[in-house]
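See below for the structure under consideration.
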Amino acid sequence: MDKLILAGRLMVRGKIEIKRIENLTSRQVTFSKRRKGLLKKAHELSVLCDAQVATIVFSQKGRLYDFFSSDLQKMMERYEVHRREYFGAERQQKQQFVQELKNEMAKTLDQIELLQLHCRKLMGQDLDSCSVEELKEITFKLEKSLTIVRSRKAKLNGDTIEKLKAEISGDKEVLNETSSLRQMFEEPTLWMHSRSLESEKSGPSCGYGNMNISDVKTELSIGLPESRE
């Protein structure tokens with residue numbers, strides 16, 4: 001028993017890759033076997049499940065092989081009715097969708113045309129067809145827009161002026177700091193100049209006659225005192 005099971009397992013075919021068979025003889029043999037199997041399965045399906053089955057096969061050479069579980073004409077008529085209903089409903093849905101798109105496009109074009117006409121009226125064009133009420137409405141909108149524009153312009157001008165004031169204030173601070181630094185450096189020079197003038201005025205009381213400060217020589221020596229000649 002075990003030997004029979006093992007033999008049955010060995011006889012099981014491996015998985016076949018589904019692609020075109022290049023060898024002509026092998027292709028014809030495979031076609032003949034699978035065609036017979038297909039028609040047999042179609043017959044079994046119609047008998048077991050009480051289904052209407054139609055199978056049509058054309059060989060590579062154009063030979064016809066078919067199986068019909070009932071009258072072919074009736075099956076084809078039924079197929080045509082079903083195909084029209086299925087594809088007709090799908091086609092109707094597509095047509096309805098296209099029509100909705102066309103309607104939406106027409107509405108969009110009408111809105112664009114109205115907006116363009118409104119813009120021309122605001123620019124003072126095409127006013128011949130306007131009534132008094134329409135002209136009043138256009139005037140009100142223009143005045144309102146002008147008020148908004150002027151308000152925005154005034155704000156921008158105010159911001160610019162404040163910015164300029166801030167820059168001028170910063171420049172003034174820099175100038176003040178520069179002036180303070182200049183005064184700090186100039187004060188010692190003025191003090192030394194005034195002391196020099198005072199020394200020149202009080203020159204005779206120093207005991208050196210008219211000798212200037214610049215004529216006095218100073219010398220620094222390090223070490224034991226030496227006799228000077």
Side-chain angles (χ1 to χ4, degrees), residues 90-229:
E90 185 178 0
R91 187 180 300 107
Q92 185 177 2
Q93 290 179 356
K94 291 181 180 179
Q95 291 177 353
Q96 184 178 358
F97 179 71
V98 171
Q99 187 62 37
E100 290 177 355
L101 288 178
K102 289 181 178 179
N103 295 336
E104 189 69 23
M105 186 180 298
K107 291 180 181 178
T108 304
L109 291 175
D110 292 340
Q111 291 177 356
I112 292 174
E113 185 177 357
L114 289 175
L115 289 174
Q116 290 177 346
L117 179 60
H118 184 69
C119 290
R120 288 197 298 270
K121 289 180 178 180
L122 290 176
M123 296 297 294
Q125 303 173 1
D126 298 338
L127 298 177
D128 296 337
S129 61
C130 294
S131 62
V132 177
E133 295 297 329
E134 290 178 349
L135 293 174
K136 289 181 179 180
E137 183 179 359
I138 292 172
T139 304
F140 174 75
K141 290 181 179 179
L142 289 173
E143 291 177 351
K144 184 177 179 181
S145 300
L146 186 60
T147 301
I148 296 173
V149 171
R150 286 175 175 172
S151 176
R152 177 59 179 171
K153 182 180 178 182
K155 184 178 183 305
L156 292 175
N157 290 335
D159 294 341
T160 304
I161 292 171
E162 292 297 328
K163 185 177 179 180
L164 291 174
K165 286 182 178 180
E167 292 178 355
I168 293 171
S169 177
D171 294 339
K172 286 183 177 180
E173 291 180 359
V174 173
L175 291 174
N176 293 333
E177 291 179 359
T178 304
S179 178
S180 299
L181 291 173
R182 185 181 294 111
Q183 291 178 0
M184 290 175 61
F185 285 105
E186 288 179 352
E187 285 178 357
T189 305
L190 294 175
W191 178 80
M192 292 178 64
H193 182 67
S194 62
R195 294 289 296 174
S196 177
L197 292 176
E198 291 178 359
S199 299
E200 290 178 356
K201 292 179 180 180
S202 59
S205 62
C206 293
Y208 292 98
N210 296 329
M211 184 174 56
N212 295 328
I213 295 176
S214 58
D215 296 335
V216 178
K217 294 182 180 180
T218 59
E219 182 178 357
L220 176 64
S221 59
I222 300 174
L224 296 174
E226 296 180 357
S227 61
R228 297 182 180 273
E229 296 177 0

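Note that these values count all heavy atoms, side chains included, but never hydrogens, waters or copies made by symmetry.
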How long is the straight-line distance from [atom2] of [Y] back to [atom1] of [X], given to the nearest 0.5 Å?
{"X": "L115", "Y": "R120", "atom1": "CG", "atom2": "CZ", "answer": "11.0 Å"}
{"X": "E167", "Y": "E162", "atom1": "CD", "atom2": "CD", "answer": "12.0 Å"}
{"X": "K155", "Y": "N157", "atom1": "NZ", "atom2": "CG", "answer": "11.0 Å"}
{"X": "T139", "Y": "L122", "atom1": "OG1", "atom2": "CG", "answer": "10.0 Å"}

### Query
Counting heavy atoms not belonging to Q125, are there more than 12 under 6.0 Å from its CD?
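Yes, CD of Q125 has more than 12 neighbouring heavy atoms, counting only those of other groups under 6.0 Å.
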### Residues forming a salt bridge (charged side-chain N to carboxylate O under 4.0 Å, His left out) with E134, sequence neighbours excluded
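Counting only residues at least two positions away or on another chain, E134 forms no salt bridge (charged side-chain N to carboxylate O under 4.0 Å, His left out).
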### Message
Between D159 and K163, does any NZ, NE, NH1 or NH2 come within less than 4.0 Å of an OD or OE carboxylate oxygen?
### Response
no
Side-chain polar contacts of residues 103-110 - donor-acceptor pairs under 3.5 angstrom, sequence neighbours left out - could you list them?
from: N103; atom 1: OD1; to: Q99; atom 2: NE2; distance (Å): 3.3
from: N103; atom 1: ND2; to: Q99; atom 2: O; distance (Å): 3.3
from: T108; atom 1: OG1; to: E104; atom 2: O; distance (Å): 2.9

Using a 3.5 Å cut-off and no angle test, enumerate the donor-acceptor pairs between side-chain atoms of residues 141-152 and protein atoms at least two apart in sequence or in another chain.
from: K141; atom 1: NZ; to: E137; atom 2: OE2; distance (Å): 3.4
from: S145; atom 1: OG; to: K141; atom 2: O; distance (Å): 2.9
from: T147; atom 1: OG1; to: E143; atom 2: O; distance (Å): 2.9

### Message
Could you report the tightest heavy-atom contact between K121 and L127, atom names first, then the distance?
### Response
O-CD2, 3.7 Å
